[in-house]
Amino acid sequence: MSSSFGTLFRVTTFGESHGQGVGAVIDGCPPKMPLDEADIQPQLDRRRPAQSKLTTTRKEADRVSILSGVQNGKTLGTPIALLVKNTDQRPADYDQMRSVPRPSHADYTYQMKYGIRAFSGGGRSSARETVGRVAAGAIAEKYLSERYGIGIVAWVSAVYTIDAPSPDLANVRRQEVDRSAVRCPDLRAAEKMQAAIVEAQEAGDSIGGIITCVCRNIPTGLGEPVFNKMEALLAQAMLSIPATKGFEIGSGFGGSRMRGSAHNDVFIKKGEHLGTRTNYSGGVQGGISNGEPLIFRVAFKPPATISMPQKTVDFEGNDTVLEAKGRHDPCVVPRAVPIVESMAALVLTDLALQQKMRENETV
Ligand SMILES: Cc1cc2nc3c(=O)[nH]c(=O)nc-3n(C[C@H](O)[C@H](O)[C@H](O)COP(=O)(O)O)c2cc1C
């Protein structure tokens, strides 16, 4: 059972899609950090529904309130509670889903596990839950940026069968990513991706995609072998995002098709430290950051709720046809970009605090 994530920077999210609100409680945020709502809102705005014609039309302003843990614009070191109220629920859209579990959604498994479920809007399995992660992640990002100069940038690198060329990993910025509604910095690929999403939506269907993320200026030494290796925690963090189906770091699955002589990241002197000429490792070796950029990819499936009729059975096993009503994302990746960045920030902050504690213990 877990709605909590992290060891020292521990985040608990709460709220159902059609309940009164969603949010997070962060326990372990360092004290005396300047913080107000304006630090959090920009990432929530990037996650928000109805931000473009490529996303669900549910209208939520997603304004965040900090309820505790901050005084006169500074963190107190005490739990920070963050709340976003839900305003645009339409439970009637989910009437048929009381009795018919959506194929490839979480209705059946939640019902089997708990014997009860918030059928309206998908409850906790809805992507509305990720509001809390993004709000908490924005705080983690601020800490990482101010304390270490760490920068995190994710973008859409593929939609359905359309792959975008890689941007310059050393320089890609969020402004470039946000130039297109689909959040792909390559504008030619972005145009094709957008057309594919609109086409799927008009057909009452959905499509998947891939998000790539780079994190720069990570100090060497973050990661807690053996079970809390950096890539292991990242994989857990990313695969906890709804609709994810795959995680790759560095060369990923493609690395299995290479020879060691080509795959090895040869060391070179970079300033005071050693660096590597290539980065097939993706910035992590032995579960510990090596000072090179962290680079990973997350695959998202086509979302389950589609308006096209689907032959299926109800909870009793009777044949039926499901034509989902409601407002749904035809492709989740444009909105999932800030969610991936936020989960990366939560992992890195937790590991940075653990390393800081270890260094303080050193005699
Ligand atoms: C940003 C975002 C938006 C999503 N929007 C929808 C949606 O509109 N309709 C839908 O069926 N699933 C949507 N999902 C995915 C479901 O929440 C998810 O597929 C469902 O909970 C089942 O979990 P699983 O796919 O991880 O197994 C979205 C996911 C994300 C990250």
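First listed ligand is number 1; within each ligand, the first listed atom is number 1.
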To which protein heavy atom is atom 4 (C) of ligand 1 closest, and what is the distance rounded to 0.1 Å?
-> Val332 CG1, 3.4 Å
Parallel, tilted or perpendicular, as decided by the 30° and 60° cut-offs, for the rings of Tyr143 and Tyr148 | perpendicular
May I ask whether Leu54 and Val333 are part of the same hydrophobic cluster, defined by side-chain heavy atoms of I, L, V, M, F, W, Y residues being less than 4.5 angstrom apart, directly or through others?
-> yes
Any Lys/Arg nitrogen of Lys142 or Asp39 sitting under 4.0 Å from an Asp/Glu carboxylate oxygen of the other?
-> yes
Would you mind checking which non-hydrogen protein atom is closest to atom 30 (C) of ligand 1, with the distance to 0.1 Å?
-> Ala127 CB, 3.5 Å
Could you tell me whether a side-chain N or O of Ser68 sits under 3.5 Å from a main-chain N or O of Pro79, the two making a donor and an acceptor?
-> yes
Separation of Arg98 CZ from Asp107 CG (nearest 0.5 Å) | 13.0 Å
Of all the non-hydrogen atoms in the protein, which one sits nearest to atom 13 (C) of ligand 1, and at what distance?
-> Pro303 CB, 4.0 Å
Nearest heavy atom to atom 12 (N) of ligand 1 wins, so pick from Lys245, His328, Arg58, His105.
-> His105
May I ask you to list the atoms of ligand 1 that are less than 4.0 angstrom from any heavy atom of Lys301?
-> 19 (O), 24 (P), 25 (O), 27 (O)
Within-cut-off N or O pair, Ile241 and ligand 1, under 3.5 Å = no
Glu141 (side chain) donor-acceptor with Ser342 (main chain) under 3.5 angstrom | no
If you measure every N/O of Thr244 against every N/O of ligand 1, is any gap under 3.5 Å?
-> no
Report the distance from atom CD1 of Ile249 to atom NZ of Lys229, rounding to the nearest 0.5 Å.
-> 11.0 Å
May I ask which of Pro103, Ser125, Gly121 has a heavy atom nearer to atom 17 (O) of ligand 1 than the others do?
-> Ser125
Just how far is it from atom CG of Leu144 to atom CG of Leu353, taken to the nearest 0.5 Å?
-> 8.5 Å
Look at atom 5 (N) of ligand 1 and say which protein heavy atom is nearest, naming residue and atom and giving the distance to 0.1 Å.
-> Asp329 OD2, 2.9 Å
Is any N or O atom of Arg327, backbone or side chain, closer than 3.5 Å to an N or O atom of ligand 1?
-> no
Are any of the heavy atoms in Ala304 under 4.0 Å away from ligand 1?
-> yes
Which of the ligand 1 atoms, numbered from 1, are nearer than 4.0 Å to a heavy atom of Pro242 | 16 (C), 17 (O), 18 (C), 26 (O), 29 (C), 31 (C)
Please say whether Ser126 places an N or O atom under 3.5 Å from an N or O atom belonging to ligand 1.
-> no
Starting from atom 15 (C) of ligand 1, which protein heavy atom do you reach first, and at what distance in Å?
-> Ala243 CB, 3.7 Å
Please indicate whether any nitrogen or oxygen in Ser104 is less than 3.5 Å from any nitrogen or oxygen in ligand 1.
-> no
If we number the atoms of ligand 1 from 1 as shown, the ones under 4.0 Å from a heavy atom of Thr305 are 9 (N), 10 (C), 11 (O)
Considering all heavy atoms of both residues, which atom of Pro225 and which atom of Gly223 are nearest to each other, and what is their separation?
-> CD-O, 3.3 Å
For the residue pair Glu16 and Asn86, establish whether any side-chain heavy-atom pair is separated by less than 4.5 Å.
-> no
